Amino acid sequence: MPAFPSVEWFDAVRHEFNTNDVVRTAGGGMCDARVGVKAGDSIFLLVFEGFECSSASEIAESDLEDTDFYLDMPMEDWADMLENIRENGEADLDHSLNTMDLDSLDGLAHSYTGDQYRQDMFFRYNQTFQYFFDQSSRVETEFSE
């Protein structure tokens with residue numbers, strides 16, 4: 001059972017996302033983005049190309065400058081969102097990335113370089129990123145932090 005956060009966990013979700021045709025037909029659409037994910041002390045890079053997430057890797061904080069944007073939440077919020085997705089098969093309204101971003105004082109999506117155009121990719125492709133995390137409902141998950 002992969003632990004969140006880890007490359008193993010992101011690779012398992014990536015596999016589900018890339019092999020589930022529902023993602024393509026449900027309106028996720030094509031997306032080209034480099035997405036950082038900060039969870040606790042760990043930082044990851046997800047690369048989306050076309051209809052797939054082509055890679056997941058652990059990176060240093062300074063590497064966030066090469067992302068279009070990064071998502072930053074405390075581990076408790078990540079765990080709460082992922083548990084909700086596991087229980088419901090997808091995020092409910094209170095646990096979607098969009099709602100959590102709006103409910104957060106500073107938002108979830110940030111630009112390491114202050115480039116608002118690149119940060120806007122979160123909003124432009126939000127549903128694709130939500131479909132990605134929703135696929136975690138198909139991955140047994142434990143929490144490492």
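From a predicted model like this one, the values you see are computed outputs, not experimental measurements. Heads up: numbering here begins at 1 and tracks the sequence.
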So, taking the atom named [atom1] in [X] and the one named [atom2] in [Y], what distance separates them when rounded to the nearest 0.5 Å?
| X | Y | atom1 | atom2 | answer |
| --- | --- | --- | --- | --- |
| D120 | S111 | CG | OG | 11.0 Å |
| H15 | N20 | NE2 | CG | 10.0 Å |
| H95 | Q130 | NE2 | CD | 11.0 Å |
| S54 | N18 | OG | CG | 8.0 Å |

Cut-off 3.5 Å, side chains only: do Q119 and Q116 have a donor facing an acceptor?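 Checked: Q119/Q116 side chains pair up, N/O donor to acceptor below 3.5 Å.
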
Does any non-hydrogen side-chain atom of [Y] lie less than 4.5 Å from one of [X]?
| X | Y | value |
| --- | --- | --- |
| Q127 | N98 | no |
| V35 | F132 | no |
| F133 | V13 | no |
| M75 | P5 | yes |
| W9 | F143 | no |

Please list, chain by chain and in numerical order, all residues satisfying side-chain hydrogen bond (donor to acceptor under 3.5 Å, both in side chains) with E61, sequence neighbours excluded.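 Residues passing side-chain hydrogen bond (donor to acceptor under 3.5 Å, both in side chains) with E61: K38.
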
With sequence neighbours left out, write down each residue that passes side-chain hydrogen bond (donor to acceptor under 3.5 Å, both in side chains) with R34, or none if nothing qualifies.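 Once residues adjacent in sequence are excluded, R34 has no partner under the side-chain hydrogen bond (donor to acceptor under 3.5 Å, both in side chains) criterion.
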
Could you walk me through whether R86 and T141 pass side-chain contact (heavy atoms from CB on, under 4.5 Å), step by step? CA-CA 9 Å; R86 184 189 56 75; T141 300; over 6 Å; no

What is the ring orientation for W78 with F4, classed by angle as parallel under 30°, tilted 30 to 60°, or perpendicular over 60°?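 Plane angle between 30° and 60°, so tilted.
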
Nearest non-hydrogen partners of G50 and D32, listed with the distance: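 It is N-OD1, 3.1 Å.
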
Got more than 12 heavy atoms from elsewhere within 6.0 Å of CD, E140?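 No, not enclosed.
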
Kindly work out whether a path of hydrophobic side-chain contacts (I/L/V/M/F/W/Y, heavy atoms less than 4.5 Å apart) joins Y70 to L108.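 No, Y70 and L108 fall in different hydrophobic clusters.
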
With F48, which of Y131, F129, F69 fulfils ring pair (Phe, Tyr, Trp, His ring centres under 6.0 Å)?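 Testing each of Y131, F129, F69 against F48, the sole residue satisfying ring pair (Phe, Tyr, Trp, His ring centres under 6.0 Å) is F129.
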
